[in-house]
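Inspection log for the structure reproduced underneath, given as structure tokens.
Along the sequence shown, residues are numbered consecutively beginning with 1.
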Amino acid sequence: MASARATFIIGSRGSQLALFQAEWVRVRLAEASPDVDFTVKVISTSGDIVLDKPLPEVGGKGVFTKEIEDALIAREIDLAVHSLKDLPTELPEGLEIAAVTRREDPRDAFIPHPKSALRTLDELPAGAVIATGSLRRRSQILSWNRGFTVVDLRGNLATRFSKLAKSDWAGMVLARAGVVRLGLQDSIGETIDTRLMVPAVGQGALGIEIRSGEPDLAELLSVIVSEATTFATTAERAFLGRLEGGCKVPIGANGRIEAGELRLEGLVASLDGKQVYRGSVTGEPSAAAALGVELAETLLRSGAGKALEGIQR
């Protein structure tokens with residue numbers, strides 16, 4: 001009698017983007033391991049259900065991952081595909097990130113109103129209304145141009161595009177990676193330079209979470225691991241972890257490998273954008289976590305700690 005084929009269940013949120021990402025992972029794993037079955041199971045998270053409140057009020061970091069992690073711990077699924085930017089820096093006991101995929105462009109993008117001829121933030125007049133669901137984006141927009149009005153925006157990409165079309169907003173700011181993954185890149189008016197807007201920690205990368213102590217599954221996942229992205233996001237997550245930040249705090253980081261070295265840029269801002277602390281550090285990729293902590297300490301000494309205390313109060 002032939003032995004049963006191994007089957008692994010992939011947990012994912014149910015949005016179009018999340019399912020695209022989970023299917024991308026499933027296809028690549030199936031191609032690399034044709035003798036193994038991989039299936040996708042949809043799990044609703046509190047971040048998907050509660051859409052009438054800003055993310056910080058819903059719970060911040062973890063609102064898009066907790067229910068999926070609970071299913072992983074309960075062995076209802078075997079691995080979870082997350083947008084890495086949604087994963088808290090502290091994982092539940094018994095879970096680990098087994099793979100970080102090659103990163104899409106981590107920058108943010110400005111999506112103008114479909115009826116607008118103005119394609120960039122620079123072109124917008126004073127008083128222009130820009131929508132975003134991110135405090136990090138909000139604070140950096142306000143820091144750059146205090147004449148803009150920023151409004152909150154929640155929902156999956158389809159919902160956000162629908163809300164924009166029905167609004168009188170000048171446009172909205174989203175992560176470029178998700179827009180491109182769903183083939184909506186023609187809607188992008190401007191990809192925002194990191195000198196103007198530092199991306200979210202882990203933005204553009206996928207993090208695959210599994211239960212600890214499952215080396216065979218980790219080995220299967222090795223085919224989708226990007227070493228460069230792993231180093232970059234390890235530094236970013238160490239930076240965020242030292243600052244103890246999440247969706248409730250405007251923190252950004254952008255790591256990348258350049259000429260064999262890891263360069264990390266980081267930002268901490270006040271909610272109103274009036275205080276912005278930025279810095280950078282360069283070092284060996286193998287020291288990624290230490291570099292992230294080093295940059296966080298530098299910004300804390302420069303005054304970022306006071307901004308964080310003010311937000312937490």
Side-chain angles (χ1 to χ4, degrees), residues 28 61 82-91 96-109 134 136-137 139-140 143-144 175-178 180-181 190-209 218-219 221-246 249-269 276-305 307-308:
R28 276 144 189 82
K61 280 286 186 181
H82 304 285
S83 291
L84 188 58
K85 66 184 179 65
D86 292 336
L87 264 179
T89 54
E90 290 189 14
L91 303 182
E96 64 181 55
I97 298 174
V100 175
T101 66
R102 181 186 62 80
R103 188 178 221 164
E104 287 280 358
D105 189 331
R107 292 176 294 176
D108 291 299
S134 161
R136 172 189 57 81
R137 296 182 186 120
S139 65
Q140 292 186 84
S143 174
W144 179 68
R176 176 183 168 87
V180 171
R181 282 178 177 140
E190 173 187 20
T191 298
I192 306 172
D193 192 284
T194 58
R195 289 173 294 184
L196 172 60
M197 187 171 292
V198 180
V201 167
Q203 188 158 293
L206 304 181
I208 317 303
E209 192 176 22
E219 178 62 27
L221 293 172
S222 65
V223 297
I224 58 172
V225 170
S226 165
E227 184 180 66
T229 305
T230 300
F231 283 135
T233 56
T234 294
E236 293 171 10
R237 288 172 61 80
F239 172 77
L240 179 64
R242 175 62 186 88
L243 296 173
E244 299 179 351
V249 183
I251 294 175
N254 182 35
R256 57 192 182 277
I257 304 296
E258 295 180 341
E261 287 195 312
L262 172 59
R263 178 175 175 79
L264 176 67
E265 298 171 308
L267 169 140
V268 177
V276 177
Y277 303 89
R278 295 186 63 151
S280 65
V281 64
T282 303
E284 290 292 327
S286 58
L291 289 171
V293 172
E294 178 185 336
L295 181 55
E297 296 283 2
T298 298
L299 294 192
L300 288 171
R301 288 194 298 270
S302 72
L308 293 175

Steps toward side chain to side chain contact (heavy atoms under 4.5 Å, CB included) verdict (R137, I192) = CA-CA 11 Å; R137 296 182 186 120; I192 306 172; over 6 Å; no

task = Determine, step by step, whether L267 and V276 satisfy the side chain to side chain contact (heavy atoms under 4.5 Å, CB included) criterion, reporting the C-alpha distance in whole Å, the side-chain angles of both residues, the deciding distance to 0.1 Å, and the verdict.
result = CA-CA 7 Å; L267 169 140; V276 177; 3.6 Å; yes

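Across G202 and T233, no two heavy atoms sit closer than the pair CA-CG2, 4.1 Å. Considering all non-hydrogen atoms of both residues, P285 and I257 come closest at CG-CD1, 3.9 Å. Closest approach of E265 and S280 over heavy atoms only: CG-CB, 4.1 Å. Considering all non-hydrogen atoms of both residues, L262 and A235 come closest at CD2-CB, 3.8 Å.
Of the options V249, D108, V198, a side chain to side chain contact (heavy atoms under 4.5 Å, CB included) to R136 is made by D108 and by none of the others.
More than 12 heavy atoms of other shown residues, nucleotides or ligands fall within 6.0 angstrom of atom CD in E261. The number of heavy atoms from other shown groups lying within 6.0 Å of CD (E96) is above 12.
Note that the CG atom of L196 and the CD atom of E190 stand 7.0 Å from one another [nearest 0.5 Å].
Listed for the R256 side chain is no donor-acceptor partner under 3.5 Å among the backbone atoms of R263. Here the side chain of S143 pairs no donor or acceptor atom with the backbone of Q140 at under 3.5 angstrom. In this structure, S83 contributes its side chain and K85 its backbone to no donor-acceptor pair below 3.5 Å.
In this structure, T234 has no side-chain hydrogen bond (donor to acceptor under 3.5 Å, both in side chains) partners at least two apart in sequence or on a different chain. Here E297 pairs with R242 under the salt bridge (charged side-chain N to carboxylate O under 4.0 Å, His left out) rule; sequence neighbours left out.
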